[in-house]
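Okay, so here's the structure we're looking at.
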Amino acid sequence: MSEEKSLNFIEEIIEADLATGHYGAIHTRFPPEPNGYLHIGHAKSICLNFGLAIKYSGKINLRFDDTNPAKEETEYVDSIKEDVAWLGFNWTNELYASDYFDQIYEFAVTLINKGLAYVDDSTPDEIAALKGSPTEPGKNSPFRNRTIDENLTLFTAMKAGAYQDGEKVLRAKIDMAANNMHMRDPIIYRIKHAHHHRTGDKWCIYPMYDFAHGQSDSIEQITHSICTLEFIPHRELYEWLINQLEIFPSKQYEFARLNMTYTVMSKRKLLQLVTEGYVQSWDDPRMPTISGMRRRGFTAESIRNFCERIGIAKRENLIDVSLLEFCVREDLNRIAPRVMAVIDPVKLIITNYPEGQSEELISENGPDETYGSRSVPFSRELWIEREDFMEEPAKKWFRLAPGALVRLKSAYIIQCNSFEKDTEGNITAIQASYIPESKSGADTSEIKVKGTIHWVSVAHALEAEIRLYDRLFKVENPSQEEGDFKEYINPDSLQIIQQAYVEPSLLTAKIGNHYQFIRKGYFCLDKETSSEKLVFNRTVSLKDAWAKEVKK
RNA sequence: UGCCUGAUAGUAUAAUGGUAGUACAGCAGAUUCUGAUUCUGCUUGUCUAGGUUCGAAUCCUGGUCGGGUAACCA
C-alpha cells in the first residue's frame with residue numbers, strides 16, 4: 001500500500017506548472033554568497049532545491065552569488081562545494097554570478113537606452129534623505145532627468161574607472177512614491193575598486209543583488225527561483241526588471257527559513273562566535289554549520305531526513321532541536337557499531353578471577369547478527385563507569401551496589417562484595433566476585449539480573465580523550481532575547497574528558513567513524529586524533545530513561 | 001505610521017467546502033545481556049467576532065497577535 005505523501009506549496013505550484021505544460025521541465029538553483037560557511041538552515045534550502053530537481057527530473061545549478069568582492073573568498077567557495085557534495089547532492093552546473101558581469105552590464109545599458117536607468121551623483125545620505133519613509137513618498141533625485149546619452153557616457157566612464165568608490169551609482173528609474181521602498185529607484189550598480197576572487201581587477205563597478213540575482217536566474221532559465229521570506233519585498237522589483245529587459249521570466253517563490261532552538265542561524269552571528277573565540281572554528285562541533293555537524297558526527301542521511309520532516313511552509317518557525325537529535329539517533333542506531341568505552345572510570349576488581357589471566361569474549365556489534373561480532377578482552381581488573389555504582393542504592397536502582405548482582409555486558413554476572421573510599425569520600429575501587437557459569441552465551445547459572453553494565457579491561461584499555469558537547473546557548477531563542485545574543489552563550493557547552501578508556505578494537509578507528517559507546521551515546525573519531533591520542537566527539541547521547549526517573 | 005506576510009496540540013507539518021491526521025516532545029506499559037532499540041496505549045489543537053452554507057481549519061468581512069521591509073549587503 002503506498003501512502004500518498006502530501007505536497008508542500010512549492011510542489012503544488014510545480015505540479016500545476018508541469019500539468020498545464022507551462023514548463024516542460026523545471027530548473028532550480030541553490031545560490032549561496034561565498035562569504036561564510038553553510039549551516040543547517042542552508043541544508044533546508046539545499047534539500048528543497050535539489051530535492052525538487054530530483055523529484056521532478058529537472059536541473060539544478062549551484063550558483064555562487066558573488067557580486068560583492070569585499071566579502072567573498074575562494075575559501076568559502078570550496079567549503080560550500082564540499083558541504084553540498086557531502087550532503088549527497090550533485091549539481092547540473094557550477095556557475096557564478098560573476099560569469100555574467102558582461103551580460104549584466106549590457107542589461108544596464110539596455111535599461112539606460114529605454115530611459116529606465118540613470119546615473120546619480122548623490123551621496124548615500126542624500127539618496128537616503130530623498131527616499132522618503134514608508135508613510136511619505138520620496139522625492140526625485142536632481143540627477144533623475146539626465147539624458148540617455150549623458151547616462152550612457154557617465155556609465156561607461158564609471159566602468160572605465162573614472163570615479164572613486166561612492167562617487168556615482170546607477171539607479172533604475174521606477175517610482176519614488178511607490179509603497180514598496182524597493183521600487184523607489186533602487187541602486188543597481190555601484191563603484192567598488194576591489195579585487196574580485198574570480199574576475200580579479202577587471203571590474204570596478206558591480207551589480208547589486210537585485211540586478212544580479214534575477215538576471216542570473218533568467219540567463220540560466222531557472223523556472224522556480226526559491227528563496228526565503230525576507231525577499232518577498234524584492235519580488236516586485238525582480239519581476240519589473242525581467243519584464244523591462246524582456247528576458248526569460250523566472251519566477252520567485254518564498255518559504256520560511258529554518259530556526260532551531262538553542263542556537264543561532266545567521267552568518268553574521270556565527271562569524272562572531274568564531275572571530276571572538278566563543279568557539280574554535282567554523283567546524284567546531286558545537287556550531288550548526290554543516291562542517292561542524294559533520295565533525296560532530298551527524299550523517300548526511302540524518303540531516304536530509306531532518307529537512308524532510310520539518311517541511312516547507314511560509315510561517316515563521318522555531319524547530320525543536322530534539323527533532324534533529326531524533327533523526328541522528330535514528331540513523332546512527334542503524335549504522336553505528338557498538339563498542340564499550342568508560343568515560344568516568346573507577347576500578348572494579350574481580351577478586352575470584354586469577355591474577356594475570358585474561359580471556360577473549362565475543363560481543364555483538366549491533367542489534368542483530370548482520371552486524372557481526374568482535375572479541376573483547378576480559379581480565380581481573382576492569383574499568384567501569386563511576387555512575388554505575390551507588391553506595392546506597394536508590395529506588396529502582398538496577399546497577400551495582402554493595403551486595404547487588406549485575407551482568408557485565410558480554411561477560412559474567414558479578415556480585416559486589418566491598419568497596420574503598422578516599423578521605424574525601426570518593427569511591428576508589430570496588431571489589432566483586434564473578435559467577436563462572438554465567439558466562440555470556442553459555443549461561444547455566446539461571447540467575448536473572450535487572451542491570452547490565454559496560455566495562456573495559458584495565459590491562460587492555462586504550463586511553464582516549466572524549467569531548468562532550470551541550471547546547472551552545474542557555475535559552476531557546478537567543479536572537480529573540482533582550483540585549484546581545486552572546487550574553488546567552490552556555491559556558492558549559494564543551495566538557496573535555498582527558499582520560500577515558502575504550503576497548504582495544506578502537507585502535508583501528510578512522511577519522512569520522514561512528515560508534516555507539518554502549519549505554520553512553522554515539523561518538524565519532526575527531527580529526528585531532530594523533531598517534532598518541534584518540535579523540536572522540538559525542539554526537540548525541542542515548543535517550544536516558546533513568547535520568548528522567550532521577551529527576552522525578 | 002505605510003506596504004507585504006502569516007496564524008491548526010508543547011514544536012513542526014497535513015487535511016484544498018464533507019471523519020482534524022502525521023512526526024517529534026510528553027505520559028503509561030510490554031520486551032530487552034545497552035534503563036538504548038523495538039512494540040502497545042494515552043494526553044494535548046483549528047487566534048477572535050460576525051457572515052455565507054445542509055455543512056467552514058478551509059470562502060467573505062472586521063479585529064487581535066506574530067514576522068518582514070525604508071544597506072552603494074545578500
Side-chain angles (χ1 to χ4, degrees), chain A residues 3 5-8 12 31-33 35 65-68 70-72 120 122-124 127-128 131-138 165-171 178-182 184 187-192 205-206 208-210 212-213 227-236 254 256 261 267-268 308-327 329-330 333-334 338 340 363-364 366-367 396-399 406-411 413 438 440-441 443 448-454 476 516-521 541-549:
Chain A
E3 298 253 322
K5 196 180 174 297
S6 58
L7 304 177
N8 64 49
E12 283 178 3
E33 182 187 15
N35 69 341
D65 233 339
D66 55 351
T67 56
N68 184 359
K71 290 165 52 183
E72 295 148 8
D120 195 327
S122 308
T123 66
I127 288 178
K131 197 142 201 178
S133 75
T135 45
E136 328 154 62
D165 288 8
E167 252 186 86
K168 287 182 165 47
V169 291
L170 183 71
R171 293 228 253 168
N179 273 326
N180 184 345
M181 300 295 283
H182 292 271
R184 323 249 262 223
I187 292 167
I188 57 176
Y189 257 98
R190 79 287 215 183
I191 300 168
K192 237 181 227 277
I205 58 172
Y206 292 92
M208 297 288 290
Y209 166 83
D210 285 305
H213 198 97
C227 60
T228 46
L229 255 25
E230 65 271 27
F231 289 96
I232 289 177
H234 294 254
R235 189 175 61 227
E236 191 180 356
E254 311 87 8
T261 54
K267 273 190 199 168
R268 201 192 93 248
E308 185 63 36
R309 280 171 210 255
I310 58 179
I312 299 293
K314 296 188 82 138
R315 80 182 80 116
E316 294 290 326
N317 59 76
L318 182 62
I319 307 281
D320 195 330
V321 70
S322 64
L323 178 61
L324 215 211
E325 292 173 349
F326 167 82
C327 290
R329 285 192 187 106
E330 179 187 47
N333 177 50
R334 200 161 50 219
R338 295 338 56 162
M340 293 198 279
S363 191
E364 73 279 10
K396 297 191 193 169
W397 178 256
F398 300 162
R399 285 118 90 152
V406 296
R407 169 166 301 274
L408 294 174
K409 173 72 182 172
S410 301
I413 291 173
S438 67
S440 186
D443 187 351
K448 291 272 175 268
V449 293
K450 287 285 263 186
T452 298
I453 65 173
H454 60 281
E476 277 204 339
Q516 185 195 101
F517 288 0
I518 286 181
R519 301 207 305 133
K520 297 311 294 181
S541 63
L542 255 30
K543 279 221 260 176
D544 191 347
W546 172 247
K548 271 185 195 168
E549 186 67 35

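Throughout, protein chains are lettered first and strands after them, A, B, ... in sequence-line order, and every chain is numbered starting at 1.
- Residue order along RNA chain B, read from the 5' end via each residue's closest nucleotide, puts A:Val449 first among A:Val449 and A:Lys131.
- At least one side-chain nitrogen or oxygen of A:Lys548 sits closer than 4.0 Å to the OP1 or OP2 atom of B:G26.
- The shortest distance between the side-chain N/O atoms of A:Arg407 and the OP1/OP2 oxygens of B:U34 is not below 4.0 Å.
- Using a 4.0 Å heavy-atom cutoff across all strands shown, A:Ile232 reaches sugar-phosphate atoms only and no base atom.
- Taking for each of A:Pro367 and A:Pro124 the nucleotide of RNA chain B with the nearest heavy atom, the 5'-most of the two is the partner of A:Pro367.
- OP1 or OP2 of B:U13 sits under 4.0 Å from a side-chain N or O of A:Arg315.
- Residues A:Tyr209 and A:His234 place their aromatic rings such that the two centres sit under 6.0 Å apart.
- Remark: A:Lys520 is not in phosphate contact with B:A36, judged by side-chain N or O atoms under 4.0 Å from OP1 or OP2.
- At B:A74, none of the side-chain N or O atoms of A:Lys71 fall inside 4.0 Å of OP1 or OP2 (strictly under the cut-off).
- Among the protein residues, A:Leu542 comes within range of the nucleic acid bases, having at least one heavy atom under 4.0 Å from a base atom.
- A 4.5 Å side-chain heavy-atom check between A:Arg190 and A:Asn68 finds at least one atom pair inside the cut-off.
- Contact annotation: A:Arg519 side-chain N/O to B:G35 OP1/OP2 distance is under 4.0 Å.
- Closest to the A:Ala545 side chain, of the nucleotides B:C24, B:A36, B:U34, is B:A36.
- An OP1 or OP2 oxygen of B:G35 is reached within less than 4.0 angstrom by no side-chain nitrogen or oxygen of A:Thr452.
- In summary, the side chains of A:Glu325 and A:Ser322 do not present any donor paired with an acceptor at a separation below 3.5 Å, with no hydrogens or angles considered.
- No contact: A:Gly132 has no heavy atom under 4.0 Å from any strand.
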